[in-house]
Amino acid sequence: MTDTRYITALRFPLACFVVLIHAYNSCWRDLGSDFIDGLGSFLSLTLPQFAVPLFFVISGYLFFFSTQEHGFTAHTYFTKIKHRLRTLLVPYLAWNILAIALYAAQAFASGQSLQQPLSANLLWGCRTTGVGFTNWLGMTVAPGTAPVHEVLWFVRDLIVVTLLSPLFYAMLKRGGLWTLLALAVVYYAKLWPNPLGLTFNAVWWFAVGAFFAIRGLSMPQLAMRLATPAAIIVIPAAATATLYPGTLATATRHIYVLCAIISAISIATWFAKRHSTSQILAKSSFFVYAAHTIFLLPLTKLFASLSATTHSCALEACCFITPPILATIISVPMFYLLQKFIPHLSSPLTAIVKN
């Protein structure tokens with residue numbers, strides 16, 4: 001219950017998987033390469049899709065960590081909220097304001113108008129993620145939304161669920177597994193209409209982590225018990241989700257995400273027992289997550305143009321994987337320099353609070 005070294009070991013690899021999610025963007029889609037489309041579908045749309053859910057699970061677990069022994073009092077709640085104002089809300093505002101400034105500078109330099117008009121919605125839901133649809137009950141499900149710095153939808157939704165944490169605690173403490181099962185039905189049956197652009201991803205996965213913490217259960221112990229069947233299922237599930245579109249892909253992607261989460265926790269637990277995790281890499285995870293798109297897009301444009309001149313699958317694959325690697329390599333030293341020379345000034349961007 002008290003050993004969270006596996007969480008430290010997970011932070012940086014999960015951030016790298018998030019970078020990979022954004023590697024397959026419009027620059028590659030516009031090429032019309034069947035090989036790149038297949039590679040991007042696997043490396044960006046399938047393989048790393050467990051990373052954000054696992055981040056939510058970890059966040060839910062850590063928020064309620066130790067409440068099984070000490071309870072979840074009003075003092076505990078406000079202490080945790082105060083801390084997360086500094087590690088979530090302030091970085092969320094700082095990165096979005098920086099994004100607004102960069103977009104404005106880009107528009108000014110090119111003599112064009114702003115793509116997004118200045119409004120409070122830039123900090124909430126000016127971008128659309130996914131598409132709306134009608135579920136099997138005939139209910140209209142709106143698309144999700146994101147702020148101007150699109151990747152920060154995760155932080156926005158995390159802020160919302162942490163503010164609602166007393167409700168999670170009451171439901172999971174009293175209802176236990178039945179509450180978790182009810183939330184699972186809402187999530188997997190697509191019964192959530194996405195009010196205000198908020199999807200059910202944060203609610204479901206945050207609740208999973210919260211359940212383990214509130215009930216005093218060990219995620220590593222359960223993951224290690226399920227490691228073998230998860231490892232057997234995860235590869236064919238990923239392949240099926242990539243190769244077969246439609247309902248089958250959706251179902252197998254859910255299976256893949258669950259098995260990948262179990263596998264990731266198992267591997268991190270094994271690693272943490274035998275090796276020390278780099279603190280710089282672990283601490284840089286938020287900065288890598290928030291900053292990588294600044295470097296990724298221009299790098300992708302460059303390597304996509306290079307890829308268009310070759311007919312070699314090996315070279316195309318190298319061109320595809322190089323931008324996310326370089327974006328990560330650039331982000332980590334930048335984080336290190338900010339932490340070393342201006343730690344207090346850079347805190348809103350790094351989410352590292354200096355007492």
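FYI, the numbering just counts along the sequence from 1. This is a predicted model, so every value here is computed, not measured.
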Supply the atom-to-atom distance Ile100 CD1 to Leu118 CG, rounded to the nearest 0.5 angstrom. 7.0 Å
Which residue in the set Val186, Leu183, Thr199 passes side chain to side chain contact (heavy atoms under 4.5 Å, CB included) when paired with Trp204? Leu183
Under a single-linkage definition using a 4.5 Å side-chain heavy-atom cutoff for Ile, Leu, Val, Met, Phe, Trp and Tyr, are Leu177 and Ile261 assigned to the same hydrophobic cluster? yes
Distance to the ring centre below 6.0 angstrom and angle to the axis at most 45 degrees; does that hold for Arg156 and Tyr92? no
Is it true that atom NE2 of His75 has more than 12 heavy atoms of other residues, nucleotides or ligands lying nearer than 6.0 Å? no
Give the ring-plane orientation class for Phe55 versus Phe154, where under 30° counts as parallel, over 60° as perpendicular and anything between as tilted. tilted
Check the surroundings of atom OH in Tyr77: do more than 12 heavy atoms from other residues, nucleotides or ligands lie under 6.0 Å from it? yes
With Phe72, which of Phe65, Phe64, Phe78 fulfils ring pair (Phe, Tyr, Trp, His ring centres under 6.0 Å)? Phe64
Under the 3.5 angstrom rule, does the side chain of Arg127 hit a backbone N or O of Glu150 as a donor-acceptor pair? no
Nearest atoms (heavy-atom pairs only) where Ser305 meets Thr309: O-CG2, 3.6 Å
Do you see a donor-acceptor pair shorter than 3.5 Å between the side chains of Ser119 and Asn121? no
State whether a side-chain donor-acceptor pair under 3.5 Å links Thr76 with Thr73. yes
Of all heavy-atom pairs linking Thr350 and Gln339, the shortest is OG1-NE2, 3.6 Å
Nearest heavy-atom approach of Pro324 to Ala23 is CG-CB, 3.9 Å
Please report the interatomic distance NE2(His83) to CD1(Ile81), rounded to the nearest 0.5 Å. 11.0 Å
Check: Ala249 main-chain N/O paired with Thr252 side-chain donor or acceptor under 3.5 Å: yes
Find the distance between CG (Leu338) and OG (Ser284) and round it off to the nearest 0.5 Å. 11.5 Å
If you look at every heavy atom in Ala272 and Arg5, which pair is closest and at what distance? O-NH1, 3.5 Å
Considering only heavy atoms from C-beta outward, does the side chain of Leu198 approach that of Asn194 to under 4.5 Å? no
Does Ile159 belong to the same Ile/Leu/Val/Met/Phe/Trp/Tyr cluster as Phe286, with side-chain heavy atoms less than 4.5 Å apart forming each link? yes
Check whether any side-chain heavy atom of Tyr188 sits under 4.5 Å from a side-chain heavy atom of Thr250, and report yes or no. no
Is any side-chain heavy atom of Pro147 less than 4.5 Å from a side-chain heavy atom of Leu123? no
Val18 versus His292: any side-chain heavy-atom pair under 4.5 Å? yes
Decide whether Val332 and Leu10 are clustered together by the hydrophobic rule: side chain heavy atoms of Ile, Leu, Val, Met, Phe, Trp, Tyr closer than 4.5 Å, transitively. no
If every non-hydrogen atom of Thr140 is compared with every non-hydrogen atom of Pro193, which pair is closest and at what distance? O-CB, 4.0 Å
Closest non-hydrogen atom pair between Thr293 and His22, with its separation: CG2-ND1, 4.4 Å
Is Val203 close to Phe168 at the side-chain level, that is, under 4.5 Å between some pair of heavy atoms? yes
Geometric class of the Trp28/Phe320 ring pair [parallel <30°, tilted 30-60°, perpendicular >60°]: tilted
Honestly curious: do Phe50 and Ile232 fall in one hydrophobic cluster under the side-chain, below-4.5 Å linking rule? no
Do other residues, nucleotides or ligands put more than 12 heavy atoms under 6.0 Å from the CZ atom of Phe108? no
Can you confirm whether or not the ring centre of Trp95 sits under 6.0 Å from the ring centre of Phe287? yes
Are side-chain heavy atoms of Leu326 and Phe303 found at a separation under 4.5 Å? yes
Does the ring centre of Tyr187 sit less than 6.0 Å away from the ring centre of Trp192? no
Kindly indicate whether the side chain of Val155, heavy atoms from C-beta on, has any atom under 4.5 Å from the side chain of Leu152. yes
The single option from Thr300, Leu297, Asn25, Leu302 that satisfies side chain to side chain contact (heavy atoms under 4.5 Å, CB included) with Pro323 is Thr300
Exceeds 12 heavy-atom contacts within 6.0 angstrom, atom CG of Leu85: yes
Decide yes or no for Thr129 and Thr145: does some side-chain heavy atom of the first lie under 4.5 Å from some side-chain heavy atom of the second? no
Quick one: do Phe17 and Phe271 end up in the same hydrophobic cluster if we chain Ile, Leu, Val, Met, Phe, Trp and Tyr together by side-chain heavy atoms under 4.5 Å apart? no
Could you walk me through whether Thr46 and Thr242 pass the side-chain hydrogen bond (donor to acceptor under 3.5 Å, both in side chains) test, one step at a time? CA-CA 6 Å; Thr46 300; Thr242 303; 3.0 Å; yes
Flag, side chain of Thr240 to backbone of Pro236, donor-acceptor distance under 3.5 Å: yes
Any donor-acceptor pair under 3.5 Å linking the side-chain atoms of Glu316 with those of Thr310? no
